[in-house]
Visitor: 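Let me begin by handing over the structure; questions about it come next.
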Amino acid sequence: MDIIDILQLIGGVGLFLFGMNLMGSSLEKLAGSGLSKILEKLTTGKSKLTGRLKGWGLGLGVTGIIQSSAATTIMLIGFVNAGIMKLSSAIPVVFGANVGSTVTAQILRLGDLGSGSLILTLLKPASFAPMLAAIGAAMHMFSKKKKTKDVAGILLGLGILFYGMTRMEEVFAPLKDSDSFKKLFTSFENPFLGILAGLVLTAIIQSSSASVGILQALSATGSVTMATAVPIIIGQNIGKCMTIILGSVGANKKAKRVSLSYLLFNIIGAVFFSLVIYSIYYTVGIPMFANTVNRGDIANIHLLFNLIMSFVLLPFTDGMVSLTRKIVRDTDSQPVDEWFSKLDVMLLKTPAVALTQCRELVRELIERLKESYSASVNMISHYRPELYDRLYENEAFFDRCETELSSYLLKINKNRLNAEDRNVIAEILGSISDFERIGDYSISIALTAKEMHERGLKFSKNGMNEMYCITAATSQSVHSSLNAFLENDPSLAARTEPLTEVIDKLKELIRSHHVDRLQKGDCGIEGGITLFDITTCLERISAHASNIAMHVVKRNTDDSDFDELHGHAGDRNSEEYRAMYYYYESQFINPIA
């Protein structure tokens, strides 16, 4: 093998890895946030066994789709780290993920198909790889639809994967007549050397699917025997843990136990298989160990290792939980904020899941905003000092959300999300400062109410009626925009803008009435200042609610040039808009006009 062959081999391995990554990421984008929703439902059942079997099956299915048990397990580490899932629920999924990692090898065994007919020839990777790549490339170039491009990525990735496999086989082909190569592979029949070789190769390329694929390509030389393949495959199952170990760095104790369960699964499996197989081999012997193996044989050995061990260990899930807890003991002394722990950096490896966590945090933010607004405006007429602790707690939460949520969203890899999920990110980023400002103005209203209470200030009867009107209008504006955001309802968002226009007019009308009462001596200057402060806060709250509504409209419009800062939810001259305006005018302005 000369330098050209070595370069071609490196290129073949690179194409194989790139194709596998492209196919997995395209499948993940096509699934979108649905993948995370499936994983969130994983382990419930009528009995503990049913829940474990569901988790096992889900781990198998998800890993079979994204072609990486490491990616699935890192996803689980993020879930446990963020408090979405319990360790006892995650471990069966880990077991299933190990079985799912064998899917790639089973696909690659197609290379063993004979060439007796045209159909069999077309089913061989060397034949259909160029076709898949060509179809995928054409779809990607000529289609503008995002989902079509994701499907194209799957086909293109699969084609490149098989082409890389074929390239490796072509480089290895001349080695079948090399005595030194055969001698090298004979040395791997020593179980220690074979396990070490499989471990090191997989740890370097960080993919058991790829290292098994390389072994399958080598089998085409006719130099790989069963005695060689078995220890290498055992070593490959240990070596794939390197990615998980690196991925758990920085995670909390519970999440580290997930990675430890993955490591223990493969170590226990390696020890178990080694003891059973080599006890038989070195006593009574195993005649088939001298036989050469092909791609299918290697795929089957890989599958049996993981399938048998998953069924052996699945009933001992509770024991695995206890063992991991004994090895990784709880030492965390500082409590972790439940909500912000959801923004786990581990979840950034699965953008759709990371976005789901952001949406959950926004939902909590919105519920607290509603709570803070209602508590603040109620203090104007019913002062309750015991609510201030909760208001300040919410305010700190809003401030932290604006900083941490924005920072986390910007780190999410948008290229691995579908168009809908990318729009959600833009909507949250555009609205987060408006959420925070509504919280600020709510606190300002509460502080003004406190000042009124301490100074013994009260509004006149007419002033109080006017205050009821503007706070009710603003409350409807806030709830309409926030609910529209939660439900992604542009028709509900469209109600906010005419209401905001009515609130602006209502504020000016209230101020005008106050000046009239001031001139008549019906109220004082100090009361007027607090009235102006509160109505200004309410006007600003309604303006920010209107901004949030615009972001909802932006998310649902097909117009990429829509400017939510200067645009409108609808045509202000339309009959629908004017009808809503007149309705709100009759509800909130006419009673005090």
Side-chain angles (χ1 to χ4, degrees), residues 362 365-366 368-381 388 391-392 394-399 401-402 406 428-452 459 463 466-485 493-514 527-554 563-569 572 581 584-585 588-589 592:
V362 169
L365 167 62
I366 286 175
R368 292 198 188 195
L369 272 179
K370 292 178 181 178
E371 177 189 27
S372 289
Y373 173 80
S374 297
S376 296
V377 296
N378 285 337
M379 280 192 186
I380 298 172
S381 56
Y388 278 98
L391 286 171
Y392 282 119
N394 284 350
E395 178 59 18
F397 181 81
F398 303 149
D399 291 341
C401 276
E402 183 179 27
S406 298
I428 297 175
L429 285 173
S431 302
I432 190 67
S433 62
D434 291 302
F435 292 143
E436 195 274 334
R437 294 300 290 157
I438 289 175
D440 285 346
Y441 284 118
S442 295
I443 280 286
S444 295
I445 292 172
L447 291 175
T448 302
K450 180 180 181 181
E451 182 182 359
M452 289 178 62
F459 295 126
E466 293 170 349
M467 187 59 63
Y468 283 138
C469 284
I470 193 169
T471 55
T474 308
S475 179
Q476 188 165 337
S477 173
V478 168
H479 282 77
S480 293
S481 64
L482 296 182
N483 289 335
F485 190 98
R495 302 177 190 177
T496 307
E497 191 170 359
L499 185 52
T500 299
E501 189 176 349
V502 166
I503 291 170
D504 290 343
K505 184 175 180 181
L506 192 57
K507 185 196 78 168
E508 296 305 322
L509 181 63
I510 291 173
R511 291 189 173 192
S512 175
H513 286 177
H514 171 71
I529 294 174
T530 57
L531 177 72
F532 286 4
D533 287 343
I534 292 173
T535 54
T536 297
C537 288
L538 293 170
E539 178 198 33
R540 298 312 306 151
I541 286 173
S542 72
H544 287 293
S546 181
N547 290 343
I548 293 168
M550 288 298 107
H551 291 298
V552 176
V553 174
K554 169 71 172 179
D563 181 2
E564 67 270 22
L565 295 179
H566 304 97
H568 302 285
R572 288 194 170 200
Y581 175 84
Y584 291 132
E585 186 178 50
F588 299 114
I589 292 181
I592 64 170

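Index from 1, following the sequence.
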Visitor: When rounded to the nearest 0.5 angstrom, what is the spacing between CZ in Arg368 and SG in Cys401?
Guide: 8.0 Å
Visitor: Can you tell me how far apart OG1 (Thr496) and NE2 (His544) are? Round to the nearest 0.5 Å.
Guide: 14.0 Å
Visitor: Starting at CG of Leu429, measure out to NE2 of His551 and round the result to the nearest 0.5 Å.
Guide: 9.5 Å
Visitor: Output yes when Arg437 and Asp440 qualify as a salt bridge under the 4.0 Å nitrogen-oxygen rule, no when they do not.
Guide: yes
Visitor: Can you tell if the side chain of Glu395 reaches within under 4.5 Å of the side chain of Glu436, non-hydrogen atoms only?
Guide: yes
Visitor: Hey, does Ile503 have a side-chain heavy atom less than 4.5 Å from the side chain of Gln476?
Guide: no
Visitor: Passes side chain to side chain contact (heavy atoms under 4.5 Å, CB included), Leu531 versus Met467? Steps please.
Guide: CA-CA 8 Å; Leu531 177 72; Met467 187 59 63; 3.3 Å; yes
Visitor: Is there a side-chain contact between Ile445 and Ile541 in this structure, where contact means two heavy atoms from C-beta onward sitting under 4.5 Å apart?
Guide: yes
Visitor: Of the non-hydrogen atoms in Glu402 and Ser406, which two are nearest, and what is the gap between them?
Guide: O-OG, 2.7 Å
Visitor: Whether the Thr448 and Asp533 side chains hold a donor-acceptor pair (N or O, under 3.5 Å, no angle test) is what I'd like checked.
Guide: no
Visitor: Evaluate the side-chain proximity of Phe435 to Ile428: yes if any heavy-atom separation is below 4.5 Å, no if none is.
Guide: no
Visitor: Please check if the side chain of Thr474 supplies one atom and the backbone of Ile470 the other of a donor-acceptor pair under 3.5 Å.
Guide: yes
Visitor: Can you give me the closest heavy-atom contact between Ser376 and Ser442, atom names plus distance?
Guide: OG-O, 2.8 Å
Visitor: Kindly indicate, with the supporting measurements, whether the criterion side chain to side chain contact (heavy atoms under 4.5 Å, CB included) is fulfilled by Phe398 and Ile438.
Guide: CA-CA 9 Å; Phe398 303 149; Ile438 289 175; over 6 Å; no
Visitor: If we count only N and O atoms by modelled type, under 3.5 Å, do the side chains of Thr536 and Arg511 hold a donor and an acceptor together?
Guide: yes
Visitor: Can you check whether Ser477 reaches Thr500 side chain to side chain, under 4.5 Å on heavy atoms?
Guide: yes
Visitor: Less than 4.5 Å apart, side chain to side chain, heavy atoms only: is that true for Glu501 and Tyr584?
Guide: no
Visitor: When you compare the side chain of Phe485 with that of Ser431, does any pair of heavy atoms fall below 4.5 Å?
Guide: yes
Visitor: How close do Ala545 and Ser481 get, counting heavy atoms only, and between which atoms?
Guide: O-CB, 3.2 Å
Visitor: Walk me through whether Ser381 and Tyr468 qualify under side chain to side chain contact (heavy atoms under 4.5 Å, CB included).
Guide: CA-CA 9 Å; Ser381 56; Tyr468 283 138; 3.9 Å; yes
Visitor: Got a second to check how far Ile534's CD1 is from Ile380's CD1, nearest 0.5 Å?
Guide: 4.0 Å
Visitor: Between Met379 and Lys450, does a side chain to side chain contact (heavy atoms under 4.5 Å, CB included) hold up when you go through it step by step?
Guide: CA-CA 8 Å; Met379 280 192 186; Lys450 180 180 181 181; over 6 Å; no
Visitor: If I compare all heavy atoms of Ala375 with all of Leu391, which pair ends up nearest, and what's the gap?
Guide: CB-CD2, 4.1 Å
Visitor: Looking at every non-hydrogen atom in both residues, tell me the closest pair between Ala473 and Leu506 and how far apart they are.
Guide: CB-CD2, 4.4 Å
Visitor: Checking Ser542 side chain against Glu539 main chain: does a donor-acceptor pair fall under 3.5 Å?
Guide: yes
Visitor: Output the distance between atom CG (Asn378) and atom OH (Tyr373), rounded to the nearest 0.5 Å.
Guide: 9.0 Å
Visitor: Quick one: closest heavy-atom pair of Glu371 and Asn394, and the distance?
Guide: OE1-ND2, 3.1 Å
Visitor: If we only count heavy atoms from C-beta on, is the Tyr581 to Val502 side-chain gap below 4.5 Å?
Guide: yes
Visitor: How long is the gap from CG on Leu509 to CD on Glu466, to the nearest 0.5 Å?
Guide: 6.5 Å
